[in-house]
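The structure displayed is predicted, hence computed values, not measured ones. Excluded from the calculations below are hydrogen atoms, water molecules and symmetry mates; all remaining heavy atoms, backbone and side chain alike, are included. Throughout, protein chains are lettered first and strands after them, A, B, ... in sequence-line order, and every chain is numbered starting at 1.
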Amino acid sequence: MSATKKSLNSAIVKVENLSKIFGNLKAVDNVSFEVKEGEIFGFVGPNGAGKTTTISMLTTLLKPTSGYAEIVGYDIYKEANEVRRNVGVVPQEYTADEDMTGLQNILLIADLYGISRSDSKPHAQELLKLVDLESSTNRKVGTYSGGMRRRLELACGLINYPRLLFLDEPTLGLDVQTRTVIWQYIKTFKEQYGMTLFMTTHYLEEADTLCDRIAIIDHGKLLRIGSPEELKESIGGDVITVVVKENAPDISAEIAKIELVKDVRKSENTYRIKTNLGEEASPLITDLFRNMGYM
Amino acid sequence: MDENKAKRKINSKNLAPQESPSIVPTRENRKFRPAPKLDKSPLHGLWALTNRDLRKWYTNPIQLLVSIIQPIIWLGLFGKALNFSNFIAGSGASVAQQNAILQSFFGTTSYFSFLSCGMFAFIVLFTSAFSGMSVVFDRRFGFLNKALSTPVARGAIIMSKVLQSVGRSLVQAAIILVIAVLLGMQTAHFTVQGIAGIFVVIFLMGIGLSALFTMLALRSADWQTQMAIINLLNLPLLFASNALFPPSIMPTWLQDVVRINPVSYANDATRQLMIGATGMTSLAVDFAVLIAFAVILSTIGIVLSWRYLSR
Ligand SMILES: Nc1ncnc2c1ncn2[C@@H]1O[C@H](COP(=O)(O)OP(=O)(O)OP(=O)(O)O)[C@@H](O)[C@H]1O
Ligand SMILES: [Mg+2]
């Protein structure tokens, strides 16, 4: 993999001072970064950070308020059609037409790319097979489960043989097992298609396991960018997430007293615990939870 | 079932899909991304989008049934209940006098035939009005964004909405024609050219009206606003035309409105072609107005779609 990365070192996405302002809200605020060809690039940030807005601009759906971006060497504004031809998009929401079957949906998308049916028909079947939907190709999408719809969206995003695939929160709303399956598909696509992937996620953990490089965005601003290792160093150590029952008493103060713990944040029923040395801290944290009667 | 299958895959250590489909580039040739075979026809995407909408209509039995029953109800209600012949017959005039009055008002002695011709405008107007609605729902459900992320011509997206609505209008007009004849429309003046002519009229009027309603929906994601726009425009376009009543019974200011309403020219042409009515202008002028209406509005629609379809 590293060999491929070296040989494909050119930037496939170049973003310079990109901004999008809605009214007086800076959804994307003067963002600049590059994505190298062949890598999996993760865009991480909480709800409303500006991830979808950035993707919408890069996929030519939204006009930037200011700034410049180039995809596969094409200007996203002036050469929008070339950009569209070279990228695939798997949007955050489900976009397939519920009144049509899975196969009809993917063929329709192929038609919109101007791909001839003699090419798209076999390719659509291959892709549906790749995402394990071959037994449901002729069922209306309205009868699909969320996981199936997500996989159909993935297949639709690949129908034009994209060089760069945008995945906007590909695992949102999926159970842990389906999420693992989707990750597996993402790795397979990258391997088999030799594509560059640009994905967004809420979860740093998810980006950590999947991505070659990560950018952290919040309130429209790019906070950090780098490999997962670099980011962990700069954040300082590991993050341990503990999910507890709802309405359990807040024990942040106790956790913070543990020697190796640097920071504790509780949101709803999740603790995010930052430590210098995850391996040594986690047994201590587990002990604490046990002593507090959690296990 | 699929879900389970997908899950089983992780459980049984076979994480990566085993055989790579033949079309997928292998490790060796991965740098050579296969270029998709393109269809040369520029209408490829337009037809695919149009067909998507039409299929929703013709594969939905309830919608089909409604589109047959609706004209029956309208023709029955308006054509038979609003029967001006009976009004005049009640006045004690002789049959010859009655016919003279009817002829002078409606250009024909049968109000039902007069109204049947107007029904074509009615159906085209109501079908076209909803072409914009379909843009709104496509935006709402994300399909529009999906289409906009492909290189398909922006103009094709709005023209597909126009064409699907014209397609429906043509089919519904054919149904109306059959029903009107069954319910007693005069057929004495029917000719093959005349009937072909009214379908051209319906086509042109459908293009113009659907382009109008589609462009009003270009930026909207709100179906209630769209409904309000439909209601605001539809009834005036219908009543300030010669579809239901002859302009001669209207106040002069309204007659002027009728004369600038393109729907009137469609009705005028239809009545001349179908029942030999004396028109408000010549057939050539009717067609010229309709062609101009269709061309101008669809051009405006396409130009606006370049600018306003994406936000
Ligand atoms: N069309 C719009 N008009 C006004 N504000 C918008 C519009 N689209 C997005 N925003 C705002 O821009 C900000 C960024 O939204 P965006 O959808 O990019 O976030 P995100 O990072 O994708 O979040 P999520 O993880 O919830 O999907 C939000 O505050 C959102 O309310
Ligand atoms: Mg988002």
- Message: Just so I know, are the side chains of A:T95 and B:N145 near enough to count as touching, which here means a heavy-atom distance under 4.5 Å?
- Response: no
- Side chains of A:R84 and B:S149 in contact at under 4.5 Å (non-hydrogen atoms): no
- Query: Side chain, backbone, both or neither: which part of B:R140 has a non-hydrogen atom closer than 4.5 Å to chain A?
  - Reply: neither
- Note on the structure: Heaviest contributor of heavy-atom pairs below 4.5 Å to chain A, chosen from B:V152, B:D138, B:T150, B:L46, is B:T150
- Contacting region of B:F141 [heavy-atom separation from chain A under 4.5 Å]: backbone
- Is the count of non-hydrogen atoms from other residues, nucleotides or ligands lying under 6.0 Å from A:K14 atom NZ greater than 12? no
- Item | Heavy-atom pairs under 4.5 Å with chain B, option from A:S56, A:S118, A:G114 with the top count | A:G114
- Note on the structure: Counting heavy-atom pairs under 4.5 angstrom with chain A, the leader among B:P151, B:A156, B:A153 is B:P151
- Checking heavy atoms, do the side chain of A:Q104, its backbone, both or neither come under 4.5 Å from chain B? side chain
- Give, as side chain, backbone, both or neither, the part of A:Y144 having an atom under 4.5 angstrom from any heavy atom of chain B. neither
- Message: For the interface with chain B, which of A:L158, A:L107, A:V87, A:D97 has the highest count of heavy-atom pairs at distances below 4.5 Å?
- Response: A:D97
- Residue B:K37 versus chain A: region with a heavy atom under 4.5 Å: both
- Message: Counting neighbours of CH2 on B:W223 that are heavy atoms of other residues, nucleotides or ligands and sit closer than 6.0 Å, is the number greater than 12?
- Response: no
- Task: Check the surroundings of atom OH in A:Y77: do more than 12 heavy atoms from other residues, nucleotides or ligands lie under 6.0 Å from it?
- Result: no
